Amino acid sequence: MAKHIFVTGGVVSSLGKGLTTAAVGLLLKRMGLKVKLQKLDPYLNVDPGTMNPYEHGEVYVTEDGAETDLDLGHYERFSGDFVTRDSNYTTGQIYQTIISKERRGDFLGKTVQVVPHVTDEIKRCVLKLADDETDVVITEIGGTVGDIESLPFLEAIRQLRYDLHSRNCLYMHLTLVPYIKAAGEVKTKPTQQSVGELRRIGIQPDVLIVRTEKALTDELKKKIALFCNVDREAVIVEKDVDHTIYEVPLMLIEQGLDELVAERLSLPVGRPRIRDWIDMVETVKHPRHRVKVAVVGKYIEHQDAYKSVYEALRHAGIAHKSKVEIVQLEAEELEKKNGVKGLAKIKPHGILVPGGFGHRGAEGKIAAIRFARENRVPYFGLCLGMQMAVIEFGRNVCGLTEATSGEFDPKSAQCVIDLMPDQREVTQKGATMRLGAYPCALAENTKARAAYGAEQVSERHRHRYEFNNQFREQYEHRGMLFSGLSPDGRLVEIVELADHPWFLAVQFHPEFKSTPIQPHPLFRDFIGAGLKYAKDHQDAGMVGTSSEARGPE
């Protein structure tokens with residue numbers, strides 16, 4: 001029978017429930033257990049696919065094509081295992097299912113209520129992951145204790161402990177112990193009140209994870225344990241880390257969380273085997289080189305909008321024992337303030353344009369791509385970043401001065417990016433995008449083939465528009481290589497420039513398959529090209545061990 005861990009949060013949002021959930025999943029997996037991770041989100045949207053990145057941050061795409069919460073990216077990066085659409089449910093999905101059942105008459109005329117019908121559906125979603133091969137299911141409850149939206153989820157996990165027996169369920173509550181600078185003290189009252197609110201709902205935490213800027217004394221830990229009714233050894237401190245979020249699992253091990261969870265859930269396992277993780281963190285702490293990458297996007301102001309991209313760049317830096325300095329540039333600002341001069345002043349060793357939708361900022365991205373192409377700066381385009389590279393090349397190399405995308409101007413005669421002919425009518429009637437994993441065949445003697453070291457790969461997609469094959473011959477004639485195609489040759493997946501040190505753009509999202517232990521090969525080679533560019537321009541300075549402090553995000 002699978003064991004269950006439920007992770008809740010209190011006081012404020014953005015404490016790092018997702019990172020903590022991922023870190024615990026890593027520890028249990030490295031103890032030899034089969035672990036599945038899940039996020040339950042209390043918002044009414046069916047999924048985050050149509051939500052503005054400024055509202056929600058990155059939309060993470062799973063192998064099976066689900067548009068999900070960005071915390072699932074943390075789950076995969078830490079555990080190294082793929083999640084599925086069953087790893088993310090929202091209130092919108094729960095109610096949609098219940099209303100469909102009610103309309104079909106599945107409830108046999110009964111009054112449909114939050115308890116038991118909504119809570120039963122939530123429990124069904126949790127138990128769906130608890131198959132015979134799974135040892136532990138870790139479920140993160142989105143939102144904050146006290147929010148009206150999350151009450152049905154909390155009631156459901158309260159019932160699950162009753163249904164499954166206390167030795168099969170563990171409640172882990174993440175809360176804040178703030179430091180009041182004026183008083184020079186840390187305060188435990190917010191944690192006490194958060195736990196009190198949780199206990200009023202009927203849930204007594206087994207483990208408290210307390211987020212703090214300052215280290216806590218033994219006296220403060222005893223106080224928290226006493227007033228929150230948890231064992232002293234079950235008060236685990238998550239202090240802001242100094243170098244990287246990947247230090248979090250090591251911090252939890254130092255305090256014995258792995259042994260505590262194993263004992264509480266009666267799991268017959270040993271200590272986690274994490275030598276490679278320790279080595280990876282040491283590499284982050286002591287980089288040998290520095291490489292500067294300019295990321296040009298339209299959602300730069302929101303730190304989480306390109307979360308997986310930033311992490312994949314850092315993973316690639318680890319592979320080269322290098323610190324990746326990420327310079328975030330707003331694409332619209334490049335349009336307004338002659339961004340080419342700004343790029344020249346920054347002197348990046350590489351330029352990356354991530355995915356996105358819509359025309360806003362497109363000309364700024366095109367200007368950045370032209371700068372990279374003409375100045376032979378390594379360039380990496382992701383999804384829309386590939387489409388913009390195709391448009392830039394068409395306008396400035398192929399003589400297609402009106403080159404554009406059908407997304408921006410569907411009536412243009414030079415839509416080098418467009419809907420496929422057999423997709424136009426369907427898409428206009430409301431069909432969704434190409435989502436999830438698709439195969440890609442790699443051409444010989446290309447940078448893509450050299451990076452992957454394979455003839456065919458699988459990558460995740462989230463887009464609607466494709467390269468227009470009517471222009472393929474014209475592009476090839478002017479030096480663009482189509483180094484990655486769908487197995488049937490119809491869809492362009494990767495483009496390169498043969499006469500450029502490293503200019504490569506992809507229609508998919510490789511950032512979703514990168515981990516700190518196994519950096520994505522394209523990101524790895526992009527950073528490698530950036531380091532070579534820096535060295536050739538005598539700008540690959542050594543770096544020390546200091547880094548901007550950041551806690552679990």
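All values derive from a computational prediction rather than experimental measurement.
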- Using modelled atom types only, decide if a donor and an acceptor are shared between the side chain of Q38 and the backbone of D86 within a distance under 3.5 Å. yes

- Exam field: side chain E335 to backbone E363, donor-acceptor pair closer than 3.5 Å: yes

- Heavy-atom nearest pair, T244 first then V281, reads CG2-CG1, 4.5 Å

- Message: Between D64 (side chain only) and R85 (backbone N and O only), is there a donor and an acceptor less than 3.5 Å apart?
- Response: yes

- Residues forming a salt bridge (charged side-chain N to carboxylate O under 4.0 Å, His left out) with K532, sequence neighbours excluded: D536

- Message: Which label fits Y246 and F78: parallel for a plane angle under 30°, tilted from 30 to 60°, or perpendicular past 60°?
- Response: tilted

- Query: So do the side chains of F482 and I494 get within less than 4.5 Å of each other, counting heavy atoms only?
  - Reply: no

- Query: Is the closest side-chain heavy-atom distance between E247 and K285 below 4.5 Å?
  - Reply: yes

- Sole residue of K39, E67, E76 in side chain to side chain donor-acceptor pair (under 3.5 Å) with Y60: E76

For residues 396-405, which side-chain N or O atoms pair as donor and acceptor with protein atoms under 3.5 Å away, sequence neighbours left out?
residue: N396; atom: OD1; partner: R370; partner atom: NH1; Å: 3.3
residue: N396; atom: ND2; partner: E392; partner atom: O; Å: 3.3
residue: N396; atom: ND2; partner: E392; partner atom: OE2; Å: 2.9
residue: S405; atom: OG; partner: E407; partner atom: N; Å: 3.0

- Query: Between atom CZ of F82 and atom OG of S87, what is the distance when rounded to the nearest 0.5 Å?
  - Reply: 12.5 Å

- More than 12 foreign heavy atoms under 6.0 Å from CD of E374: is that the case here? yes

- Message: Applying side chain to side chain contact (heavy atoms under 4.5 Å, CB included) to I366 and I391, what does each step give before you reach the verdict?
- Response: CA-CA 8 Å; I366 290 171; I391 292 172; 3.8 Å; yes

Enumerate, atom names and distances included, each donor-acceptor pair closer than 3.5 Å involving a side-chain atom of residues 451-459, sequence neighbours excluded.
residue: Y452; atom: OH; partner: E459; partner atom: OE2; Å: 2.6
residue: E459; atom: OE2; partner: H520; partner atom: NE2; Å: 2.6

- Message: Tell me the closest heavy-atom pair linking A319 and P519, and the distance in Å.
- Response: CB-CG, 3.9 Å

- Query: Are side-chain heavy atoms of R30 and L26 found at a separation under 4.5 Å?
  - Reply: yes

- By salt bridge (charged side-chain N to carboxylate O under 4.0 Å, His left out), D409 pairs with (sequence neighbours left out) none

- Message: To check you understand the geometry: which heavy-atom pair defines the closest contact between P272 and D258, and what is its length?
- Response: CD-OD2, 3.0 Å

- Please step through salt bridge (Lys or Arg N to Asp or Glu O under 4.0 Å) for the pair K347 and E325, ending with a clear verdict. CA-CA 12 Å; K347 296 181 180 178; E325 178 186 344; over 6 Å; no

- Query: Looking only at heavy atoms, what is the nearest atom pair of A294 and P348, with distance?
  - Reply: CB-CB, 3.9 Å

- Okay, side chain of R460, backbone of H509: is any donor-acceptor separation there less than 3.5 Å? no

- Query: With a 4.0 Å cut-off, would you call R490 and E466 a salt bridge?
  - Reply: no

- Using only heavy-atom distances, determine whether the side chains of Q328 and Y310 contain a donor-acceptor pair under 3.5 Å. yes

- Task: Sequence neighbours left out, what passes salt bridge (charged side-chain N to carboxylate O under 4.0 Å, His left out) with K29? Give chain and number order.
- Result: D81

- Message: Strictly below 4.0 Å, N to O, side chains only: are E332 and R360 in salt-bridge contact?
- Response: yes

- Can you name the salt bridge (charged side-chain N to carboxylate O under 4.0 Å, His left out) partners of R273, sequence neighbours left out? none

- Task: Report the relative orientation of the aromatic rings in H359 and F408; use parallel for angles under 30°, tilted for 30 to 60°, perpendicular for over 60°.
- Result: perpendicular

- Query: Is there a side-chain contact between V24 and M172 (heavy atoms, below 4.5 Å)?
  - Reply: yes

- Message: side chain to side chain contact (heavy atoms under 4.5 Å, CB included) for R271 and E259? Distances and angles first, verdict last.
- Response: CA-CA 7 Å; R271 301 301 300 274; E259 293 180 302; 3.8 Å; yes

- Query: Would you say the side chain of D418 lies within less than 4.5 Å of the side chain of Q470, judging by non-hydrogen atoms?
  - Reply: no

- Taking the six-membered ring for Trp, are H349 and Y533 parallel (under 30°), tilted (30 to 60°) or perpendicular (over 60°)? tilted

- Task: Could you label the plane-to-plane angle of the H56 and Y43 rings as parallel, tilted or perpendicular, counting under 30° as parallel and over 60° as perpendicular?
- Result: perpendicular

- What is the distance from atom CZ of F508 to atom CG of L382, rounded to the nearest 0.5 Å? 9.0 Å

- Query: Atom CD in E330, atom CD1 in I300: separation rounded to 0.5 Å?
  - Reply: 6.5 Å

- Hey, could you give me the NZ/OH distance between K214 and Y179, rounded to the nearest 0.5 Å? 5.0 Å

- Rounded to the nearest 0.5 Å, how far does CG of L174 lie from OG1 of T21? 8.0 Å

- Which word best sums up how the rings of F380 and F523 line up, parallel for under 30°, tilted for 30 to 60°, or perpendicular for over 60°? perpendicular

- Task: Please answer whether the main-chain N or O of E511 pairs with a side-chain N or O of S308 as donor and acceptor at a distance below 3.5 Å.
- Result: no

- Give a yes or no on whether the backbone of K447 and the side-chain of E496 come within a donor-acceptor separation of less than 3.5 Å. yes

- Could you tell me which non-hydrogen atom of A23 sits nearest to which non-hydrogen atom of V248, and how far apart they are? CB-CG1, 4.0 Å

- Message: Check whether D304 reaches the backbone of E58 with its side chain - one donor and one acceptor, N or O, closer than 3.5 Å.
- Response: no

- Message: Quick one, V492 and L485 - any side-chain contact, counting heavy atoms below 4.5 Å?
- Response: yes

- Query: Can you name the closest pair of heavy atoms from A362 and M388 and give their distance?
  - Reply: CB-SD, 3.9 Å

- Using a 4.5 Å cut-off on heavy atoms from C-beta on, say whether the side chain of H461 contacts that of M433. no

- Task: Could you grab the distance from atom OG1 of T139 to atom CD1 of I5, nearest 0.5 Å is fine?
- Result: 9.5 Å

- Item | Side-chain donor/acceptor of S322 to backbone N/O of H320, under 3.5 Å | yes

- Item | Heavy-atom side-chain contact between D47 and M51 under 4.5 Å | no

- Task: Using only heavy-atom distances, determine whether the side chains of Y438 and E493 contain a donor-acceptor pair under 3.5 Å.
- Result: no

- N/O donor-acceptor pair under 3.5 Å between N88 side chain and D69 backbone: yes

- Query: Does a sphere of radius 6.0 Å around CD in E476 hold more than 12 heavy atoms from other residues, nucleotides or ligands, not counting ones at 6.0 Å or beyond?
  - Reply: yes

- If only atom types and distance count, is the side chain of Y306 paired as donor or acceptor with the main-chain N or O of Y299 below 3.5 Å? yes

